[in-house]
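Numbers restart at 1 for each chain; the letters A, B, ... are given by sequence-line order, proteins then strands.
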Protein chains: 2
Amino acid sequence: MRARVLVVDDDPALAEMLGIVLRSEGFVPSFVADGERALAAFRDSRPDIVLLDLMLPGMSGIDVARAIRGESGVPIVMLTAKSDTVDVVLGLESGADDYVVKPFKPKELVARMRARLRRGEDVAPELLTIGPPGNQITIDVPAHTVSRDGEEVKLTPLEFDLLVALARKPRQVFTREVLLEQVWGYRHAADTRLVNVHVQRLRAKIEPDPERPEIILTVRGVGYKAGTG
Amino acid sequence: MRARVLVVDDDPALAEMLGIVLRSEGFVPSFVADGERALAAFRDSRPDIVLLDLMLPGMSGIDVARAIRGESGVPIVMLTAKSDTVDVVLGLESGADDYVVKPFKPKELVARMRARLRRGEDVAPELLTIGPPGNQITIDVPAHTVSRDGEEVKLTPLEFDLLVALARKPRQVFTREVLLEQVWGYRHAADTRLVNVHVQRLRAKIEPDPERPEIILTVRGVGYKAGTG
DNA sequence: CGGCGTCTTCACGGCACCGTAGCGCCGAGG
DNA sequence: CCTCGGCGCTACGGTGCCGTGAAGACGCCG
């Protein structure tokens with residue numbers, strides 16, 4: 001029952017290190033150094049999880065992630081150098097489930113991989129993605145940023161918290177009372193219309209067509225939920 | 001699988017020593033003695049990492065670093081004599097990722113090279129760079145200096161610590177409470193406005209236009225973060 | 001088809017948050 | 001003893017965020 005990992009990275013030294021770490025942690029790693037081979041290897045071996053460098057020769061990690069995501073729901077963890085800066089926002093929207101910034105602690109990487117594999121161990125993911133395919137937004141929790149189509153969307157603190165609350169459990173409906181408690185900290189019910197207003201403001205910023213919301217959906221008579229497609 | 005190192009140094013004795021050390025540590029080194037050859041060799045062999053002496057005949061290490069950085073993101077580790085001091089500031093902004101001061105312990109050099117290559121082992125880098133392209137500042141942690149556009153920026157100890165705390169995890173937002181703990185050592189919350197004031201003082205010194213900060217950014221309702229692009 | 005409840009949309013005022021300037025203490029160095 | 005830089009603290013003004021109220025649109029029911 002050892003998980004098979006596909007590592008996509010063009011840095012041989014890093015690959016070697018990952019090999020040692022992953023094997024000692026009970027994973028079965030395989031390695032490729034560029035995007036084309038990554039896709040072929042993925043289709044061939046169907047790994048349980050993919051580790052993907054953002055910077056690759058030729059086909060970028062972004063394209064690889066998109067391609068894999070197009071044909072599988074396999075967990076993808078991105079490796080990014082902090083110097084990548086400009087590409088980060090775009091990279092995160094490509095369908096990755098989580099990311100770690102180089103240099104990273106091997107333990108942290110393994111913890112995040114395990115968390116993606118078995119939902120039991122709760123390392124809060126750095127990235128949350130919601131919305132139907134073709135209309136997704138990505139939330140970078142520690143950076144407190146939200147992006148769509150590679151553009152950062154400016155949100156107020158309250159809007160951000162509300163979005164995160166919904167995105168943490170996509171498809172699950174939250175009543176206004178629950179949201180008031182989780183986001184506002186109100187212990188016992190206040191005016192629930194507050195929630196309506198802020199959902200509306202949020203939609204105005206993140207929905208391409210706020211009149212037909214696809215990311216934050218209304219469940220009439222109950223509350224709201226985040227859509228995933 | 002073994003990392004290829006391009007060593008740029010005009011001192012044959014040092015080169016010989018480096019050859020022995022690097023080979024014994026599993027690297028595959030190649031050597032050139034001046035800047036022009038360095039560039040040619042780099043374009044030709046595309047090494048995994050570059051070791052670069054700051055003092056070179058003809059084209060200086062600074063220019064070489066800039067040229068390489070202009071066409072590749074390859075890790076560059078500078079070798080500097082402690083007597084260089086004056087040139088160091090300029091050299092550090094040329095795009096190097098780390099540096100070691102001669103005379104150095106072979107073990108330290110190798111550790112720093114590994115840290116740049118396999119990002120897993122975290123040797124804290126000597127150099128931190130933050131700010132958007134074209135408006136970057138470089139922090140030399142052991143030297144306790146900060147420079148922008150080749151000019152050293154004078155900071156007080158507190159300002160320096162605050163800047164380093166933010167720069168160690170760029171893009172990530174820090175609350176004022178966390179900063180008070182990390183920088184001031186206050187265990188449980190004091191007046192967080194203290195942080196505001198020092199951020200402002202810091203900006204006055206490092207931001208070209210303090211009214212439109214690009215290096216230290218405010219995240220309203222949350223805290224501050226260092227920008228990278 | 002009509003009515004009612006639910007949700008959406010807009011406008012507006014209070015206020016928390018942040019940026020900025022200024023003052024005073026304290027310790028280091030002359 | 002005096003000077004000066006570094007730091008803590010307060011005060012004040014502006015900006016944008018948030019909460020409320022009220023009217024308009026929509027869907028679900030009889």
Residues from residues 198-215 of chain A lying under 4.0 Å of DNA chain D - heavy atoms: A/His198, A/Arg201
Integer-rounded Å distance: D/dG8 P and B/Asp191 CG: 11 Å
Euclidean distance, atom CG of residue A/Leu155 to atom P of D/dG16 [Å, nearest integer]: 16 Å
Closest nucleotide among D/dT20, D/dT10, D/dG8 to the B/Leu194 side chain: D/dG8
Selection from D/dC28, C/dC18, C/dT8 that lies nearest to any side-chain heavy atom of A/Arg220: D/dC28
Between C1' of D/dA22 and CG of A/Asn196, the distance in whole Å: 14 Å
Nearest-Å distance for atom pair CD/C1', residues A/Glu177 and C/dT6: 14 Å
B/Trp184 side chain near D/dG8 phosphate (N/O to OP1/OP2, under 4.0 Å): yes
Interatomic distance where CD1 belongs to A/Ile216 and P belongs to C/dT8 [whole Å]: 11 Å
Nearest atoms (heavy-atom pairs only) where A/His198 meets A/Leu158: CE1-CD2, 3.2 Å
Nucleotide nearest B/Arg176 (side chain, heavy atoms from C-beta), chosen from C/dC7, C/dC18, D/dT20: C/dC18
Integer-rounded Å distance: D/dG6 P and B/Leu162 CG: 15 Å
d(CG, A/Leu217; P, C/dC7) in whole Å: 14 Å
Phosphate contact (D/dT10 OP1 or OP2) by B/Arg193 side-chain N/O below 4.0 Å: yes
Side-chain N,O (A/Tyr224) to OP1/OP2 (C/dT8) below 4.0 Å: yes
Short side-chain N/O contact to D/dC7 OP1/OP2 from B/Thr156, under 4.0 Å: yes
Along DNA chain D (nearest heavy atom to each residue), the more 5'-positioned of B/Pro157 and A/Leu158: B/Pro157
Between CZ on residue B/Phe160 and CG on residue B/Leu155, distance to nearest 0.5 Å: 7.5 Å
Sole residue of A/Asp97, A/Val100, A/Leu117 in side chain to side chain contact (heavy atoms under 4.5 Å, CB included) with A/Arg112: A/Val100
Length of the CD-P vector between B/Glu159 and D/dC7, whole Å: 6 Å
Between B/Arg203 and B/Thr218, a side-chain donor and acceptor under 3.5 Å: yes
Main-chain N/O of A/Thr156 paired with A/Glu159 side-chain donor or acceptor, under 3.5 Å: yes
Spacing of B/Leu56 atom CG and B/Asp11 atom CG [to the nearest 0.5 Å]: 11.0 Å
Pairwise distance CD1(B/Ile215) to CG(B/Leu163) - rounded to 0.5 angstrom: 8.5 Å
